[in-house]
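In this text the structure is predicted, and so the values were computed from the model without any measurement. Chain identifiers are assigned alphabetically (A, B, ...) following the order of the sequence lines, protein sequences preceding nucleic acid strands; residue numbering begins at 1 within each chain. We use all heavy atoms of the structure for the numbers below, so side chains are in, but hydrogens, waters and symmetry mates are not.
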Protein chains: 2
Amino acid sequence: MCHRCDYETLLEENGLNAGRNRMRVLEVIGDNEGPVSATEIHRRLIRSDPINRVTVYRILDLLVENGIVERISGEGRSFYYGLAANENHRPHPHFYCRRCGGVQCLSPGSLTVDSEPLLQTFSGRVETVAVRVVGICAHCTTSVQGKIS
Amino acid sequence: MCHRCDYETLLEENGLNAGRNRMRVLEVIGDNEGPVSATEIHRRLIRSDPINRVTVYRILDLLVENGIVERISGEGRSFYYGLAANENHRPHPHFYCRRCGGVQCLSPGSLTVDSEPLLQTFSGRVETVAVRVVGICAHCTTSVQGKIS
DNA sequence: TTCTTCTTGCAACTTAGTTGCATTCGGTGT
DNA sequence: ACACCGAATGCAACTAAGTTGCAAGAAGAA
């Protein structure tokens with residue numbers, strides 16, 4: 001997703017030292033187009049060098065706490081992780097494929113929401129308004145292989 | 001959520017016979033304002049009469065398959081269930097409380113989305129466009145009790 | 001009643017994530 | 001070089017939510 005972000009300074013701006021594993025996790029997230037699950041991040045990391053899955057979870061927690069990475073919940077039971085919005089990345093909606101479970105980023109301008117009426121009437125604190133588009137992704141609509149019958 | 005829905009006919013319209021447990025599950029979902037988790041549904045049902053949690057899961061699957069109930073994924077790792085949109089219930093956005101994990105229904109008109117630009121450009125199949133508002137619910141903002149320190 | 005199908009329960013399993021504790025690693029000071 | 005300290009990692013065990021296989025029970029049709 002990003003080759004304009006300097007992960008090292010991103011970490012150090014937040015008072016985290018840029019250890020090897022943190023960098024590796026950020027690279028996987030940043031290189032992927034669209035959010036990735038923790039399991040998938042772990043799977044990719046162990047291909048190059050062994051790392052414990054707990055370590056991955058802990059690094060992800062840390063990055064989310066510090067606002068470097070954004071945790072979004074998919075259609076399934078697991079979380080997905082993407083680079084948080086910053087000056088290089090505007091907030092944008094996500095597309096969730098019902099078939100393969102994958103998540104894609106949509107372009108920031110593709111959907112516009114008018115949340116004024118809500119903000120005027122809602123009695124709690126509204127922090128984010130996210131749009132979630134659900135359907136079947138381009139890949140899954142074309143490749144019908146994988147169906148058993 | 002609903003006293004205008006006749007669960008019995010709702011089931012039979014879909015070719016499902018209206019057994020006692022199905023009715024009970026639907027009543028819990030319909031009586032609650034806002035979506036409920038499977039665990040919570042189970043918890044409430046066993047108060048009146050024992051029922052196995054697997055049975056609850058299976059009934060929920062069935063209801064979702066038949067479009068009677070809608071499964072939405074919360075901020076956490078569990079699913080929430082609400083009555084699906086029909087002539088009595090317009091589709092509406094949901095509010096997710098970061099603190100207590102609860103989900104509330106918002107009024108259908110409180111947010112409007114313009115999805116035209118997306119529909120013109122997206123190459124997969126778009127089925128639903130849902131708006132998810134995240135923040136702290138009214139109850140959690142006022143009652144700060146529960147914090148340990 | 002008997003047969004068949006639908007429904008339920010139980011136990012075991014899976015997936016995703018969490019926690020506690022011990023070990024190791026990277027510095028800092030002496 | 002040595003000891004020390006906190007941060008980072010790994011391992012094992014645990015939890016929560018959901019799923020699967022199979023056997024037993026209810027309910028309707030013949």
Side-chain angles (χ1 to χ4, degrees), chain A residues 7-8 11-12 14-26 28-29 35-46 48-66 68-69 71-81 96 98 100-103 148, chain B residues 7-8 11-12 14-26 28-29 35-46 48-66 68-69 71-81 96 98 100-103 148:
Chain A
Y7 302 135
E8 197 163 336
L11 286 166
E12 281 162 0
N14 287 276
L16 306 173
N17 45 14
R20 176 163 150 64
N21 283 335
R22 288 176 186 169
M23 290 294 285
R24 295 213 291 154
V25 168
L26 270 177
V28 170
I29 295 176
V36 216
S37 69
T39 309
E40 179 61 24
I41 294 172
H42 181 234
R43 196 166 10 228
R44 294 199 196 166
L45 287 178
I46 51 177
S48 58
D49 220 15
I51 182 173
N52 193 278
R53 61 194 197 92
V54 179
T55 304
V56 174
Y57 281 118
R58 284 200 273 236
I59 290 176
L60 287 171
D61 285 347
L62 194 77
L63 296 177
V64 169
E65 270 166 35
N66 286 272
I68 299 172
V69 154
R71 166 186 284 140
I72 63 182
S73 48
E75 284 300 283
R77 245 166 310 122
S78 57
F79 296 115
Y80 284 73
Y81 298 87
Y96 302 80
R98 263 196 316 113
C100 66
V103 187
I148 302 294
Chain B
Y7 302 135
E8 196 163 337
L11 286 165
E12 281 163 1
N14 287 274
L16 305 173
N17 45 14
R20 175 162 152 63
N21 283 334
R22 288 176 188 168
M23 290 294 285
R24 294 214 293 155
V25 168
L26 269 177
V28 170
I29 295 176
V36 215
S37 69
T39 308
E40 180 60 25
I41 294 171
H42 182 235
R43 193 162 16 225
R44 294 200 196 163
L45 288 178
I46 52 178
S48 58
D49 220 14
I51 181 173
N52 193 277
R53 63 194 197 93
V54 178
T55 305
V56 174
Y57 281 119
R58 284 199 274 237
I59 290 177
L60 287 171
D61 284 348
L62 194 77
L63 296 177
V64 169
E65 271 165 36
N66 285 271
I68 300 172
V69 155
R71 165 187 282 140
I72 64 182
S73 48
E75 285 299 283
R77 245 166 306 122
S78 58
F79 295 116
Y80 284 74
Y81 298 87
Y96 301 81
R98 262 196 318 112
C100 67
V103 186
I148 303 293

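Between B/R77 and A/S73 there is no side-chain heavy-atom pair separated by less than 4.5 Å.
Note that the CZ atom of A/R24 and the CZ atom of A/R44 stand 13.5 Å from one another [nearest 0.5 Å]. Going from atom CG of A/N17 over to atom CG of A/L11 covers 8.5 Å, rounded to the nearest 0.5 Å. Here B/E8 contributes atom CD and B/L26 contributes atom CG; the two are 11.0 Å apart, rounded to the nearest 0.5 Å.
Look at CZ on A/R20: it is 11 Å from P on D/dG10, rounded to the nearest Å. Computed from coordinates, the B/D49 CG to D/dA26 P distance equals 14 Å when rounded to whole Å. Rounded to whole angstrom, the span from the CG atom of B/L11 across to the P atom of C/dC6 amounts to 16 Å. Per the geometry, CZ belonging to B/R43 stands 12 Å off C1' belonging to D/dA17, to the nearest Å. Atom-to-atom, CD of B/E75 to P of C/dA16 comes out at 18 Å; the value is rounded to the nearest Å.
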- Query: What is the per-nucleotide protein-contact pattern of nucleotides 18-27 of chain C, from the 5' end, where B denotes a base atom under 4.0 Å from a protein heavy atom, S denotes such proximity for sugar-phosphate atoms only, and - denotes neither?
  - Reply: BBB-------

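For A/N52, no side-chain nitrogen or oxygen approaches OP1 or OP2 of D/dT9 to under 4.0 Å. Look at A/N21 and you won't find any side-chain N or O under 4.0 angstrom from OP1 or OP2 of D/dA8. Between B/N17 and D/dG28 there is no side-chain N or O to OP1 or OP2 distance below 4.0 Å.
Taking for each of B/T55 and A/S78 the nucleotide of DNA chain C with the nearest heavy atom, the 5'-most of the two is the partner of B/T55.
Side chain of A/H42 to main chain of A/S37: no donor-acceptor pair is present (N/O by atom type, distance under 3.5 Å, no hydrogens or angles).
The side chain to side chain donor-acceptor pair (under 3.5 Å) check on B/Y81 picks up B/R71, with sequence neighbours excluded.
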